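Everything below concerns the one structure shown next.
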Amino acid sequence: MLEPHREATSVTDPRGRGTTSIPTPRTRDAAPGGAGPSRPDGRPGGRGGRRPDPADRAQLQHSPVSLRRVAGLFAAHRAQIAVVVALIVTSSAVALATPFLVRLVIDDALPQQDLGLLGWAVAGMVGVAVVTALLGVGQTWLSTTVGQAVMHDLRTSVFGHLQRQSIGFFTRTRGGEVQSRLTNDIGGMQSVVTSTATSLASNVTTVVGTAVAMAALSWRLSLLSLVVVPPSVWLTRQVAVMRRSVTAARQSRLADLQTQVEEGLSVSGAQLSRTLGTGPAQSARFRETSADLVGLEVRSQLAGRWRWATMGVVFAAVPAAVYLAAGLPVTSSGMTIGTLVAFTGLQGALFRPLLGLLDVGVQVTSSMALFSRIFEYLDLPVDVDDPPHPVDLDPADVRGEVRLEGVGLTYPSADGATPAGRAPALTGVDLVVPAGGSLALVGATGSGKSTLASLVPRLQDPTEGRVLLDGVDLRDLRLTTVSEVVGVVSQETYLLHTTVRENLRQARPGATDAQVEDAARRAQVHDLLVALPDGYDTVVGSRGHRFSGGERQRLAIARTLLRDPRVLVLDEATSALDTRTERAVQAAVDEASRGRTTITIAHRLSTVRSADVIAVLDGGRVVEQGSHAELLALGGRYADLVAADGREDALVPA
């Protein structure tokens with residue numbers, strides 16, 4: 001099986017249990033098609049000498065996986081797998097006919113000048129090659145089909161399962177780790193069928209069949225092979241182990257070199273080295289690492305050459321020993337030339353599959369580690385999921401009253417538990433937003449505004465109390481219903497790398513062009529779009545870099561207007577904009593809020609003065625609530641925030 005070299009990387013455990021050593025894919029030191037590490041001259045070679053990767057063993061100790069569960073993935077394909085095994089066995093058995101045909105040619109057809117026998121023997125050789133080739137094509141097609149089918153099922157299952165995870169999972173887990181498991185780990189699983197299992201079956205069949213054929217040709221020479229082959233295999237593996245250790249050290253230093261290049265020659269790294277004066281020290285480190293690589297590269301090439309030199313000696317010595325034994329009266333026993341040639345051919349064919357069988361433990365460990373990483377994600381509990389018996393609520397009939405009753409939320413600790421001593425993010429929040437009304441959440445950074453707002457679209461669930469929509473607990477509604485009723489416009493606007501029109505249609509795939517353009521007009525962005533050379537068919541670029549921050553915000557608002565939610569959550573939608581752009585976006589926000597229940601997180605308090613109710617949060621608690629005039633007259637926390645906000649606005653030019 002082609003196995004990537006891996007290095008252990010400390011990453012956050014997806015279940016929130018701290019860090020764990022997860023293997024990350026490195027370059028494949030192998031030739032295409034599973035032939036194993038390539039020779040120094042570029043030709044494919046054998047695979048002997050590998051040892052189980054410590055990272056794979058650590059993964060299996062951290063998250064064991066049962067063979068029964070792995071076998072269950074292939075249960076629906078039992079018939080195809082049986083056919084694959086039958087093809088492998090048949091192919092190996094048919095291939096064993098060639099040495100016997102060679103003996104027939106040398107011992108009978110040529111000495112007797114029997115052209116008919118010679119023709120049949122030669123035709124048999126060609127026929128064996130044709131049959132084994134066709135069987136190999138069929139085996140590859142079937143095994144690849146099974147592997148791809150299982151990969152498809154796993155890939156879609158993991159993707160769907162991760163989509164149901166709460167936002168907390170994605171904040172704890174690196175995006176690259178998720179992508180690696182969906183692509184590298186599941187992609188590597190393909191080799192379990194097309195390489196590991198098939199090579200195991202092929203090697204076992206070849207070794208057993210070849211041993212039987214050798215014994216049938218000459219049991220005396222077969223006994224000699226039992227003495228000669230094991231030390232030859234051991235010597236080859238020892239040299240391969242030496243090369244592996246040198247290669248691992250070389251890859252580690254190469255990774256260091258690449259890191260130094262990224263750190264020293266990136267824009268941020270170059271600025272840091274200039275301002276701190278670390279350029280000479282970085283150059284010295286780079287020179288030292290590069291010098292280490294020179295020595296390791298030389299040792300790696302020499303180790304590779306020693307490996308293949310050793311195998312060359314073995315491949316020459318084993319048949320030489322057979323020829324010697326064939327010439328001795330004690331062991332020859334009237335052996336014919338044809339038998340000798342056929343036997344040496346079989347013995348040469350025995351060496352490589354025997355080396356492959358010695359690597360079975362490594363292949364199984366690596367394959368099980370892949371399944372362990374995949375099952376880890378499939379076994380993640382879903383914190384925010386559809387209820388078993390959802391309440392049927394027609395989005396068209398929703399009035400939009402939002403009520404929070406005794407809401408509290410405590411984030412889990414690193415091990416996923418919620419200890420009693422952990423400080424809550426929200427405590428005892430009681431708020432009511434009438435249908436069509438507006439609520440503004442204000443407070444210092446870290447006071448719990450965004451956490452509270454995230455409960456309304458059910459990005460997470462409270463650990464205490466409940467959030468009601470028209471008197472129905474959000475946890476009793478389907479997630480699709482909540483997403484239809486509650487729209488969110490956040491400070492971080494995410495746009496897909498496609499056209500403006502398709503980005504807006506994400507909110508309503510069946511929307512007409514007229515509906516899309518109407519939403520853009522109400523979001524104050526239509527005139528900008530029609531002025532572009534490609535209009536609504538303009539590609540926004542990666543994360544929408546084609547547009548400015550204010551333009552992206554208005555596109556996000558247009559997308560929300562197209563969806564037409566009854567409840568709208570505005571999470572600091574204008575906080576990162578300059579004053580002029582903020583006014584344009586605020587006009588779009590005002591249009592989006594008209595006739596809807598609106599919950600706004602305010603950065604600049606001037607944007608929420610007209611809210612029906614303003615709630616002031618401090619330390620996860622609502623310390624004040626009322627209208628703008630009422631809270632100013634109270635002279636409390638809100639009045640202090642307004643005063644501070646006024647001083648900040650005074651520094652910003654209009």
Side-chain angles (χ1 to χ4, degrees), residues 1-3 30-36 44 46-47 65-101 123-158 185-213 346 349-350 352-371 374-375:
M1 183 171 98
L2 294 181
E3 271 304 304
R47 297 175 297 180
V65 58
S66 67
L67 285 172
R68 177 176 295 181
R69 185 174 184 183
V70 173
L73 297 174
F74 300 89
H77 309 280
R78 284 191 293 265
Q80 294 97 316
I81 294 175
V83 174
V84 169
V85 173
L87 290 175
I88 291 173
V89 173
T90 304
S91 178
S92 299
V94 170
L96 291 176
T98 299
F100 292 92
L101 292 172
M125 294 179 187
V126 176
V128 167
V130 171
V131 171
T132 54
L134 292 176
L135 291 175
V137 171
Q139 172 225 310
T140 300
W141 175 73
L142 268 179
S143 60
T144 303
T145 301
V146 171
Q148 289 295 327
V150 175
M151 280 176 59
H152 169 72
D153 293 340
L154 272 179
R155 189 185 296 120
T156 54
S157 296
V158 172
D185 289 344
I186 295 180
M189 188 276 304
Q190 163 74 21
S191 63
V192 175
V193 177
T194 58
S195 181
T196 301
T198 55
S199 67
L200 177 60
S202 177
N203 289 338
V204 169
T205 304
T206 301
V207 168
V208 173
T210 302
V212 171
L346 285 171
L350 179 67
R352 291 186 186 277
L354 194 58
L355 284 175
L357 286 179
L358 294 175
D359 279 339
V360 167
V362 178
Q363 297 175 24
V364 170
T365 300
S366 300
S367 300
M368 296 301 286
L370 287 174
F371 284 110
I374 295 167
F375 290 155

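Worth saying up front: this structure is predicted, and the values here are computed from it rather than measured.
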Value rounded to 0.5 Å, distance of [atom1] in [X] from [atom2] in [Y]:
X    : Y    : atom1 : atom2 : value
S157 : F375 : OG    : CZ    : 10.0 Å
L142 : T140 : CG    : OG1   : 9.5 Å
M368 : S66  : CE    : OG    : 7.0 Å
M151 : I374 : CE    : CD1   : 9.0 Å

What's the shortest heavy-atom distance between [X] and [Y], and which atoms?
X    : Y    : result
V128 : A97  : CG2-CB, 4.1 Å
L96  : F100 : O-CD1, 3.2 Å
Q139 : L87  : N-CD1, 3.6 Å
S202 : S92  : O-OG, 4.0 Å
V150 : L73  : CG2-O, 3.8 Å
A213 : L346 : CB-CD1, 3.7 Å

*Only one of T205, T206, V208 clears side chain to side chain contact (heavy atoms under 4.5 Å, CB included) with P353; which?*
T206
*Is there a donor-acceptor pair closer than 3.5 Å between any side-chain N or O of T210 and the backbone N or O of V207?*
no
*Mark yes or no for whether T144, through its side chain, and W141, through its backbone, hold a donor-acceptor pair below 3.5 Å.*
no
*Taking side chain as C-beta onward, heavy atoms only, is Q80 less than 4.5 Å from T145?*
no
*Using the side-chain contact (heavy atoms from CB on, under 4.5 Å) rule, take V146 and V84 through it: C-alpha gap first, then chi angles, then the decisive distance, then the call.*
CA-CA 10 Å; V146 171; V84 169; 5.6 Å; no
*Hey, is CZ on R69 packed in by over 12 heavy atoms from elsewhere, all under 6.0 Å?*
yes
